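Here's the structure, in structure tokens; my notes come after.
Please read these numbers as outputs of a predicted model, since none were measured by experiment. Per chain, numbering begins at 1; letters A, B, ... match sequence-line order.
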Number of protein chains: 2
Amino acid sequence: MNMQQVEAGAGRRVQVPLGERAYEIVIEPGALRNAGALIARRLPKARVAIITDATVAGFHLGSLHAALDETGIGHETITLPAGEKTKSFAHLIDVVDAVLAARLERGDAIVALGGGVIGDLAGFAAGIVRRGMHFIQVPTSLLAQVDSSVGGKTGINSPHGKNLVGVFHQPSLVIADTAVLDTLSPREFRAGYAEVAKYGLIDKPDFFAWLEKNWQRVFDGGPERVEAIAVSCEAKAEVVVADERESGRRALLNLGHTFGHALEAATEYDGSRLVHGEGVAIGMVLAHEFSNRMNLASADDAARVAAHLRQVGLPTRLSDIPGGLPPAERLLDLMGQDKKVVRGRLTFILTRGIGQSFIADDVPPAEVHAFLKEKLA
Amino acid sequence: MNMQQVEAGAGRRVQVPLGERAYEIVIEPGALRNAGALIARRLPKARVAIITDATVAGFHLGSLHAALDETGIGHETITLPAGEKTKSFAHLIDVVDAVLAARLERGDAIVALGGGVIGDLAGFAAGIVRRGMHFIQVPTSLLAQVDSSVGGKTGINSPHGKNLVGVFHQPSLVIADTAVLDTLSPREFRAGYAEVAKYGLIDKPDFFAWLEKNWQRVFDGGPERVEAIAVSCEAKAEVVVADERESGRRALLNLGHTFGHALEAATEYDGSRLVHGEGVAIGMVLAHEFSNRMNLASADDAARVAAHLRQVGLPTRLSDIPGGLPPAERLLDLMGQDKKVVRGRLTFILTRGIGQSFIADDVPPAEVHAFLKEKLA
Ligand SMILES: NC(=O)c1ccc[n+]([C@@H]2O[C@H](COP(=O)([O-])OP(=O)(O)OC[C@H]3O[C@@H](n4cnc5c(N)ncnc54)[C@H](O)[C@@H]3O)[C@@H](O)[C@H]2O)c1
Ligand SMILES: NC(=O)c1ccc[n+]([C@@H]2O[C@H](COP(=O)([O-])OP(=O)(O)OC[C@H]3O[C@@H](n4cnc5c(N)ncnc54)[C@H](O)[C@@H]3O)[C@@H](O)[C@H]2O)c1
Ligand SMILES: [Zn+2]
Ligand SMILES: [Zn+2]
């Protein structure tokens, strides 16, 4: 972890050293105004197709257009509906068709301007049009800036489950303008914050402690916001570099996600009930509580995690989700359809305490079932 | 080139040494009966989803089922309509859904039993389900055995052009049963033969001369068939290993294809008028004639290529295509939409004579236009 002294106004750059797929993450308030120059330096002469959603377009598309026009970068724009349901084959086909209709070539780029939904969908399109075009992430949600825009996982949902279809396709550049987060709803900001806290819980206990002290300034948008995002990107980049295609250590990033994905599926990806980061927040608390039940972690650590997430305004209990949940059997089944399953055994991220997570690939489904039953009671 | 002495009944194995993505091509009459054992050795315990087309299923699905049952490999089968139009998003979605519904996991495999259409579609599905599953090619057309099943290019067509959407996804194993080609229509066999001849024309003049002498035995199915397929696979594997993702030398494999793809598009992928290999046959003759027109190659070589392809029964002239063709402008336009275009310049494979092809990335469109106009007259 790199806990640099926080300087006012300073931007940060994080490198993702993936050999010939290496790229840079630019983290800075106002970076969007500089997007044209950043793109031109990385991909001279490329034209771009911007994929965005209607909400983000309303706030920030004008700035991106201005920045591209300033540097003479030709652009087309495809605006999709906001929301998780946009991560579908139907919208993927729309994007692919529009990019081909615009006659973009392999050396041109798809630019994702939006949250994780737009990033995942646009990245998947960039991975398959002409068997791979350049891809630039301009993440506009906190979740996207600290998580989904880094690491090259792209994809869409299937009726059979979330993110079950996609490719690994690394971006050529990530431009994270920390000021665009000011237009994000407080609820979405909190949801993204769950992923920030996750990095502390995985293996950075000092960062978690720092967040307990500084979270309000991260929300308010001072240099602490840049710092929290940079530390998160470094943490994610480190894991991705160690295990690009998720065969091993990268699974740690799923802390809270096996439970979380099941909850998202159980609420039918209805964002009015639960958004991804909220599912992760509840999932991380459940992971700590389950680890305690398995005599791995202390009850105090589980309580401390729940207390911090509740303090920032995140849901932490199954009962925080409006509208009933299905029974434990069904939740377990939804966890099983998650792709982190190898030959019927559940792979879980468990923990020995804050910052001491590990991969457990032999979790007995019966234990999880009993635990969920209690939690639902 | 490896022109081994041809032994009766002998099978051949060709290695594709792509590091951790290395795989083997088993070339042998009757190999299909051995598919269960071959798969089990490569992927112990994997379940498989077989993707095939209705025509191939009628001839060979029973043998594959028997081979899998014998070794206790669980299998699902998805049978699609035969024909180029199956390489569409609609059928891709069908396959993805069926594989997910069967709850196949990352360590399981998709098996393509069919020609290039099934291989390209199934390989694309294998590349995107759970961001990549194992993939096994059981090519049943000559074209698929010598070309499409080797090298990891997968994909579907778009209304904007052929193969414009897909991924690179290498198979884990290729099982080429040379005896299944006996049920292939003579026309499809000839079409695949165009790709065999292509390897000679690219950089193996001796192989081309060998084919001029032995082509009838290749058609009849003796050990010469195994030999021709093995030499072709070796040639393709060599290029793929040198340039897995087609940034350079791999483009040589497109000899005849820039013209050929335009002709396929111009005939609306209507296989009753023109199938892929026929487009390639005409395209290769055009490439030699155009090279002659550019004072690169002799008229004799162009004539020799046309004579051999005509002798085996392939079309070699634009006028061999039934139903009219669009004007030269339109054909040029269709060539331009091909993905082998970099910033508006046409990239062509030209030649200095038989076995002396090279990549020309600065071909003036006006020259091609004039040439096509003459040829259409
Ligand atoms: N690829 C990965 O590695 C990865 C990692 C984590 C999550 N994800 C995916 O990311 C998605 C969730 O991402 P998300 O939370 O960003 O969802 P999202 O893209 O739906 O964004 C959330 C909402 O915020 C709005 N929004 C985004 N930026 C805004 C801004 N600056 N101002 C105002 N509104 C703004 C969006 O329009 C949307 O309504 C999920 O689909 C999840 O599966 C992917
Ligand atoms: N991925 C690559 O690198 C690559 C390379 C070259 C071509 N291709 C693609 O391959 C496709 C053409 O392949 P193809 O010519 O095999 O087409 P195909 O798959 O349509 O097969 C041709 C016809 O032969 C039938 N058939 C196949 N095997 C048979 C058998 N053993 N007995 C009886 N009938 C049989 C099929 O049902 C079909 O009707 C095109 O889509 C082309 O773009 C891909
Ligand atoms: Zn997440
Ligand atoms: Zn071909």
Side-chain angles (χ1 to χ4, degrees), chain A residues 20-21 44-47 88-90 92-108 120 124-133 152-161 163-169 244-247 333 336-345 347, chain B residues 20-21 45-47 88-90 92-108 120 123-133 152-161 163-169 244-247 333 336-345 347:
Chain A
E20 54 176 27
R21 292 185 299 288
K45 289 189 223 164
R47 291 167 57 215
S88 67
F89 261 120
L92 178 73
I93 295 172
D94 290 345
V95 170
V96 164
D97 274 353
V99 171
L100 288 172
R103 291 194 160 219
L104 291 201
E105 299 172 5
R106 261 187 176 185
D108 294 323
D120 281 10
F124 190 12
I128 65 176
V129 171
R130 298 171 193 274
R131 294 199 190 88
M133 298 180 51
K153 272 186 170 190
T154 74
I156 58 176
N157 301 321
S158 143
H160 298 283
N163 296 323
L164 287 177
V165 187
V167 293
F168 286 90
H169 188 61
E244 188 177 357
R245 296 183 74 96
E246 196 173 22
S247 42
D333 192 54
Q337 180 58 14
D338 194 87
K339 67 197 160 315
K340 283 120 216 150
V341 177
V342 178
R343 306 198 193 294
R345 293 180 317 174
T347 294
Chain B
E20 55 175 26
R21 290 185 300 288
K45 290 190 222 164
R47 290 166 58 214
S88 67
F89 261 121
L92 179 72
I93 295 173
D94 290 344
V95 171
V96 164
D97 274 354
V99 172
L100 288 173
R103 289 192 161 222
L104 291 200
E105 299 172 4
R106 262 189 176 182
D108 293 324
D120 281 10
F124 189 13
I128 65 175
V129 171
R130 297 173 193 272
R131 294 200 191 89
M133 296 179 54
K153 272 187 171 188
T154 74
I156 58 176
N157 301 321
S158 143
H160 298 283
N163 296 324
L164 287 177
V165 187
V167 293
F168 287 91
H169 188 61
E244 188 177 357
R245 296 183 75 97
E246 195 171 24
S247 41
D333 192 52
Q337 180 59 15
D338 194 87
K339 66 200 163 316
K340 285 117 216 155
V341 178
V342 178
R343 305 197 195 295
R345 293 180 317 175
T347 294

(message) Is Ile156(A) close to chain B through its backbone or its side chain, or both, or neither, when contacts mean heavy atoms under 4.5 Å?
(response)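 Answer is neither: Ile156(A) stays 4.5 Å or more from chain B.
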(request) Not counting sequence neighbours, which residues clear side chain to side chain contact (heavy atoms under 4.5 Å, CB included) with Ala126(A)? List them please. (result)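 For Ala126(A), the residues satisfying side chain to side chain contact (heavy atoms under 4.5 Å, CB included) (neighbours in sequence not counted) are Ile110(A), Phe135(A), His169(A).
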(request) Sequence neighbours left out, what passes side chain to side chain contact (heavy atoms under 4.5 Å, CB included) with Asn157(A)? Give chain and number order. (result) Glu84(A), Lys87(A), Lys162(A), Asn163(A)
(request) Considering only heavy atoms and a distance below 4.5 Å, find which of Gly166(B), Ser158(B), Gly127(B), Gly155(B) pairs most often with chain A. (result)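 The residue among Gly166(B), Ser158(B), Gly127(B), Gly155(B) with the greatest pair count is Gly166(B).
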(request) Indicate the atoms forming the closest heavy-atom contact of Arg131(B) with Val167(A), along with that distance. (result) CD-O, 3.6 Å
(request) Measure the CG-CZ distance between Asp97(B) and Phe89(A) for me, rounded to the nearest 0.5 Å. (result)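 One finds 7.5 Å between CG of Asp97(B) and CZ of Phe89(A).
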(message) Among Val96(A), Ile93(A), Leu92(A), exactly one meets side chain to side chain contact (heavy atoms under 4.5 Å, CB included) together with Val165(B). Which residue is that?
(response) Val96(A)
